[in-house]
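Source: prediction; values computed, not measured.
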Amino acid sequence: MAAPATARNAPEPEDDTLRGRWLRTLTAVRKEETPDALPYADELLTRWDEPQRRYHTADHLLAVLEHIDTLAPHAADPEAVRLAAWFHDAVYRPDRSENEERSAVLAVRALTEAGVDAKVTAEVARLVRLTVSHDPAPGDTNGEVLCDADLAILAGEPEEYEAYTRAVREEYGFVPDDAFRAGRAAVLRQLLHLQRLFRTPHGAAAWEERARANLTAELETLTD
């Protein structure tokens with residue numbers, strides 16, 4: 001993920017585009033102004049726009065970042081959480097099982113090259129790997145914020161949740177219906193088995209009940 005060693009573009013405080021968000025976050029976590037931050041944003045956004053994606057797109061990335069904004073006061077290091085959001089599905093192939101690990105490796109390579117402190121880089125990689133289970137340990141406030149933000153779609157209104165499930169099915173269009181239903185049902189059961197889907201106070205209060213209702217209803221449909 002190479003970037004030329006040119007002066008950094010200064011982020012505009014009011015720029016809420018994805019590129020603007022990236023610039024603000026990277027500026028906050030590194031001391032040097034080089035290499036230029038924008039090529040990293042552009043390569044990541046190219047990844048998030050790959051043709052195999054239907055749900056795991058830049059729209060999902062933006063939604064996760066907006067949820068992190070809401071949950072940020074709960075995190076020990078909100079900027080590390082934001083960086084983890086950028087990388088958590090940066091490598092995404094529906095037919096592969098190592099996406100999170102490959103995304104974490106990409107984060108280490110890119111952030112090290114971009115001049116991010118090794119401790120922050122390691123935390124970003126840890127958080128990306130945590131999205132395999134969405135089950136942060138007690139007291140892991142960074143993990144709680146990232147996982148809650150990533151799972152917030154589960155608490156969507158009926159139309160939003162239906163659009164989400166339809167997009168996920170499209171991503172797995174190569175899987176026969178029976179196999180998809182079995183695999184999706186297993187994922188839903190794993191989520192429902194968690195003692196709590198959401199670990200932040202806001203997530204628990206605002207999203208837990210509706211998310212469990214959505215998951216239960218989908219599971220009943222799949223297994224009917």
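- From Trp22, atom CH2 reaches atom CH2 of Trp86 across 7.0 Å, with rounding to the nearest 0.5 Å.
- We find the CG-CG distance between Leu151 and Leu146 to be 9.0 Å, quoted to the nearest 0.5 Å.
- Using a cutoff of 4.0 Å between basic side-chain nitrogens and carboxylate oxygens, Asp77 and Lys119 are not scored as salt-bridged.
- In this structure, Arg30 contributes its side chain and Asp117 its backbone to no donor-acceptor pair below 3.5 Å.
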**Request:** Decide yes or no on salt bridge (Lys or Arg N to Asp or Glu O under 4.0 Å) for Arg126 and Asp140, but give the supporting numbers first.
**Result:** CA-CA 11 Å; Arg126 182 189 73 82; Asp140 178 7; 2.9 Å; yes

**Item:** Test side-chain contact (heavy atoms from CB on, under 4.5 Å) applied to Leu111 and Val120, step by step
**Value:** CA-CA 9 Å; Leu111 294 177; Val120 174; 6.0 Å; no

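- Distance alone, capped at 3.5 Å, places no donor-acceptor pair between the Thr131 side chain and the His134 backbone.
- Closest non-hydrogen pair, Ala37 versus Leu26, comes out as CB-CD2, 3.5 Å.
- A heavy-atom distance below 4.5 Å is not found between the side chains of His193 and Arg189.
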**Asked** Where do Glu113 and Arg109 land on the salt bridge (Lys or Arg N to Asp or Glu O under 4.0 Å) test, with the steps shown first?
**Response** CA-CA 6 Å; Glu113 183 182 282; Arg109 186 173 78 243; over 6 Å; no

**Request:** Decide yes or no on salt bridge (Lys or Arg N to Asp or Glu O under 4.0 Å) for Arg199 and Asp135, but give the supporting numbers first.
**Result:** CA-CA 9 Å; Arg199 312 301 176 85; Asp135 190 15; 2.5 Å; yes

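- We find the OG-CZ distance between Ser97 and Arg102 to be 10.5 Å, quoted to the nearest 0.5 Å.
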**Prompt:** Taking it one step at a time, do Thr165 and Arg184 satisfy side-chain contact (heavy atoms from CB on, under 4.5 Å)?
**Reply:** CA-CA 10 Å; Thr165 59; Arg184 178 68 179 172; 4.1 Å; yes

**Message:** Let's go through Leu83 and Leu127 carefully: what are the C-alpha distance in whole Å and the side-chain angles of both, what is the deciding distance for side-chain contact (heavy atoms from CB on, under 4.5 Å) to 0.1 Å, and is it a yes or a no?
**Reply:** CA-CA 9 Å; Leu83 284 174; Leu127 291 169; over 6 Å; no

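- Atom CZ of Arg96 sits about 14.5 Å away from atom CD of Glu101, to the nearest 0.5 Å.
- One hydrophobic cluster, built from ILVMFWY side chains closer than 4.5 Å, cannot hold both Val105 and Phe87; they sit in different ones.
- Under the 4.5 Å side-chain contact rule for hydrophobic residues, Tyr164 and Val64 share a cluster.
- At a threshold of 4.5 Å between non-hydrogen side-chain atoms, the residues Leu130 and Pro136 count as touching.
- Counting only N and O atoms by type, the side chains of His60 and His88 include a donor and acceptor under 3.5 Å apart.
- What you find for Ala85 and Leu61 is that their closest heavy atoms are O-CD1, 3.4 Å.
- Residues Leu44 and Ala90 approach most closely at CD2-CB, 3.9 Å, considering heavy atoms.
- Ring geometry for Tyr172 against Phe180 counts as tilted: the plane angle lies between 30° and 60°, on a 0 to 90° scale.
- Both Leu192 and Phe198 belong to a single network of hydrophobic side chains, linked directly or stepwise wherever heavy atoms of I, L, V, M, F, W or Y lie under 4.5 Å apart.
- Val128 and Val132 fall into different hydrophobic clusters, where Ile, Leu, Val, Met, Phe, Trp and Tyr residues are linked whenever their side-chain heavy atoms come under 4.5 Å apart, directly or through other members.
- When every heavy atom of Ala80 is checked against every heavy atom of Val124, the shortest pair comes out as O-CG2, 3.6 Å.
- Atom CD of Glu160 has more than 12 heavy atoms from other residues, nucleotides or ligands within 6.0 Å.
- No chain of hydrophobic side-chain contacts below 4.5 Å, direct or via other Ile, Leu, Val, Met, Phe, Trp or Tyr residues, connects Val108 to Val29.
- In this structure, Arg47 does not pair ionically with Asp42, as no charged nitrogen and carboxylate oxygen lie closer than 4.0 Å.
- Relative to the six-membered ring of Tyr92, Arg53 misses at least one condition, a distance below 6.0 Å or an angle of at most 45° to the axis.
- When atom types are taken as modelled, the side chain of Thr57 and the backbone of Asp59 share a donor-acceptor pair closer than 3.5 angstrom.
- A distance of 4.0 Å separates CZ of Arg212 from CG of Leu197, quoted to the nearest 0.5 Å.
- Scanning all heavy atoms of the two residues, the minimum distance from Ala125 to Ala104 falls at O-CB, 3.8 Å.
- A donor-acceptor contact shorter than 3.5 Å is absent between the side chain of Asn142 and the backbone of Val81.
- Contact annotation: the side chain of Glu171 approaches that of Arg54 to within less than 4.5 Å [non-hydrogen atoms, C-beta and beyond].
- For the pair Tyr161 and Leu215, the minimum side-chain heavy-atom distance is below 4.5 Å.
- Atom CD of Glu162 sits about 11.0 Å away from atom CG of Asn214, to the nearest 0.5 Å.
- Checking side-chain atoms of Thr25 against main-chain N and O of Arg82 turns up no donor-acceptor pair under 3.5 Å.
- Nearest heavy atom pair, residue Tyr55 against residue Asp150, reads OH-O, 4.4 Å.
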**Check against side-chain contact (heavy atoms from CB on, under 4.5 Å), Glu43 and Leu38** = CA-CA 9 Å; Glu43 181 166 340; Leu38 280 178; over 6 Å; no

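- Remark: side-chain polar atoms of Thr200 are not paired, donor with acceptor, to backbone N or O of Val145 under 3.5 angstrom.
- Residues His56 and Trp48 keep their aromatic ring centres 6.0 Å or farther apart.
- No donor-acceptor pair closer than 3.5 Å links the side chain of Arg210 to the backbone N or O of Gly156.
- Counting only heavy atoms from C-beta outward, the side chains of Arg93 and Gln52 approach each other to under 4.5 Å.
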